[in-house]
Amino acid sequence: MAAVRIPDAPVLPAVTPPAAVTPPEGRNLAPGLAAGTGAMICVGGSVAVSGVLAGAPAFTAEALRYALACLILVALARLTGRRLVRPRGAEWLWLSGIAATGLVLFNIALVAGSKHAEPAVLGVAVACVPALLAVLGPLLEGARPRPGLVAAALVVTCGAALVQGVGRTDGIGIAWAAVVFGCEAAFTLLAIPVLGQHGPWGVSVHTTWLATVIFAVIGVLHEGPAAALRLNHQDWLAVAYLAVAVTAVAFVLWYSSVGRLGASRAGLLTGIAPVAAAAAGVLLGGPAPRPLVWAGIAVVAAGLTLGLRR
C-alpha cells in the first residue's frame with residue numbers, strides 16, 4: 001500500500017491462519033476503525049508529496065524511503081518493548097511476497113502505468129480492492145465470505161471510483177492497472193497468515209527491509225550507485241515524509257486494523273483514501289470537488305455504514 005504512490009504469483013505453502021486475525025462478533029471495533037482510517041488518510045494525503053519525486057531517480061528514492069521507514073520502526077519497537085521475531089520457514093515466502101508485490105511491483109506498476117494511463121485509471125484499480133478482500137480475506141482467515149460485507153465493498157468501490165473519476169488509457173495502461181489492483185490486494189492478503197506470529201510491527205519491519213534490498217539492487221543496476229547524489233533537498237523532504245507517514249505509520253496502522261477487524265471490514269476503509277486525497281487537494285489550494293466527487297463521497301459513506309455496522 002504505497003501511494004507514491006503480476007506475473008502469476010507462486011503458490012505459497014499453506015499456513016494455518018491465526019484465529020486472532022478474525023475478530024469475534026461483539027468486539028469493540030473502534031480501535032481497528034481508527035487505525036485503518038488513520039492509515040488511509042496518510043495514504044490519501046500523500047498524493048501531492050509523491051509528485052515531488054517525479055523527476056528523481058525513482059528506484060533509489062524508494063530504497064531510501066523503505067530503509068528510513070525500517071530504521072524508524074526498529075527504533076520505535078525497541079523503545080516500546082515490542083519484540084521482533086525472525087521469520088521461519090514459509091513465513092519468509094509470505095513476507096517476501098508482500099515486499100515483492102505489495103511494495104516493489106506496485107510502485108513499478110504505478111510508474112510504468114502512468115505512461116499509458118491517466119492517474120484516475122490506476123486509482124480506480126486500487127478502488128476495486130475492497131471487493132476482492134471481502135471475498136478472499138475470510139477464506140485466508142478460515143471463515144466464509146459474508147454477503148453483506150461483499151455488497152458493502154462493492155458500494156465502497158463504486159463510490160471511490162466516482163471520487164477518482166475516469167481517465168483515458170490504452171491496452172498497456174489497462175494491463176498495468178490490473179497489476180496495480182493485484183499488488184494492492186496482495187499487500188493485505190499475503191499478510192494475513194503471518195500477522196498472528198509477527199504482529200503489525202513485525203510484518204512492517206520485515207517487509208520494509210526486504211523492499212529496501214530489492215529496490216537498492218534495481219536502483220544500482222538502472223540508475224547507478226551514485227543516484228542518491230542527484231536528489232535535491234525537496235526530494236529528500238518528500239522521501240522523509242513518505243517514509244514516516246505513508247510507510248512507518250501507515251503500515252503499522254493498517255495491519256493493526258486488519259488484525260482487529262479482519263480483511264473484509266478493513267478493506268472497506270480503503271475507500272477513505274481517495275476522499276482524503278480530494279480533501280488534501282482542496283487544502284493545498286486546488287478547486288472544490290465537483291458534484292460527481294461529492295456524490296462519490298456520499299456513496300463511500302453509505303458503503304462504510306452498511307459494512308461496519310455490527
Side-chain angles (χ1 to χ4, degrees), residues 1-15 17 39-40 43-44 50 58-59 62 66 90 93-141 145 149-150 153-154 156-158 160-161 164 167 169-195 203 207-208 210-211 214-215 218 246-247 250-251 254-255 258 262-264 266-271 273-274:
M1 170 189 296
V4 294
R5 31 21 25 306
I6 38 200
D8 293 336
V11 178
L12 301 179
V15 174
M40 290 301 105
V43 171
S50 303
F59 299 126
E62 290 295 329
Y66 286 115
L93 295 178
W94 294 104
L95 293 168
S96 297
I98 298 171
T101 60
L103 306 186
V104 177
L105 186 56
F106 176 82
N107 283 284
I108 292 175
L110 285 179
V111 173
S114 65
K115 299 176 181 178
H116 298 270
E118 293 183 349
V121 177
L122 303 176
V124 170
V126 174
C128 294
V129 168
L132 186 62
L133 295 183
V135 175
L136 296 184
L139 298 178
L140 287 171
E141 294 164 349
L149 288 177
V150 175
L154 292 173
V156 169
T157 293
C158 292
Q164 293 281 355
T169 184
D170 55 22
I172 297 176
I174 292 175
W176 279 119
V179 174
V180 168
F181 167 71
C183 291
E184 178 71 5
F187 179 79
T188 298
L189 294 174
L190 296 182
I192 292 174
V194 290
L195 267 177
V203 172
T207 54
T208 50
L210 286 166
I214 299 173
F215 269 123
I218 299 175
V246 188
T247 308
F251 280 24
W254 178 249
Y255 286 134
V258 173
S264 294
L268 299 176
L269 300 175
T270 60

Set out, in order, the CA-CA distance, both residues' side-chain angles and the distance that settles side-chain contact (heavy atoms from CB on, under 4.5 Å) for Leu149 and Leu268, then state yes or no. CA-CA 9 Å; Leu149 288 177; Leu268 299 176; 4.3 Å; yes

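- Taking both residues in full, the closest heavy atoms of Phe187 and Gly102 are given as CB-CA, 4.1 Å, listed atom of the first, atom of the second, then distance.
- Taking CG of Leu136 as the reference point, atom CD of Glu141 lies at 10.5 Å (rounded to 0.5 Å).
- When every heavy atom of Thr270 is checked against every heavy atom of Pro274, the shortest pair comes out as O-CD, 3.4 Å.
- Each of Leu140, Val203, Thr101 was checked for a side-chain contact (heavy atoms from CB on, under 4.5 Å) with Leu190, and the lone residue meeting it is Thr101.
- The aromatic rings of Phe251 and Tyr66 sit tilted, their planes meeting at an angle between 30° and 60°.
- Taking every heavy atom of both residues into account, Val135 and Leu139 meet most closely at O-CG, 3.5 Å.
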From CA spacing to verdict: side-chain contact (heavy atoms from CB on, under 4.5 Å), Val126, Phe181: CA-CA 5 Å; Val126 174; Phe181 167 71; over 6 Å; no

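- For Ser96, the side-chain contact (heavy atoms from CB on, under 4.5 Å) partners at least two apart in sequence or on another chain are Leu210.
- One finds the CD1 atom of Ile108 at 5.5 Å from the CZ atom of Phe215 (value rounded to the nearest 0.5 Å).
- Annotation for Trp254 and Ala266: closest pair CH2-O, 3.0 Å, computed over non-hydrogen atoms.
- Considering all non-hydrogen atoms of both residues, Ala177 and Leu122 come closest at CA-CD2, 3.9 Å.
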What do the steps show when you test Thr188 against Ile98 for side-chain contact (heavy atoms from CB on, under 4.5 Å), and what is the final call? CA-CA 8 Å; Thr188 298; Ile98 298 171; over 6 Å; no

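- Here the closest heavy-atom approach between residue Leu133 and residue Ser264 is recorded as O-OG, 3.8 Å.
- Side-chain N or O atoms of Glu62 include none that pairs as donor or acceptor with a backbone N or O of Asn107 at under 3.5 Å.
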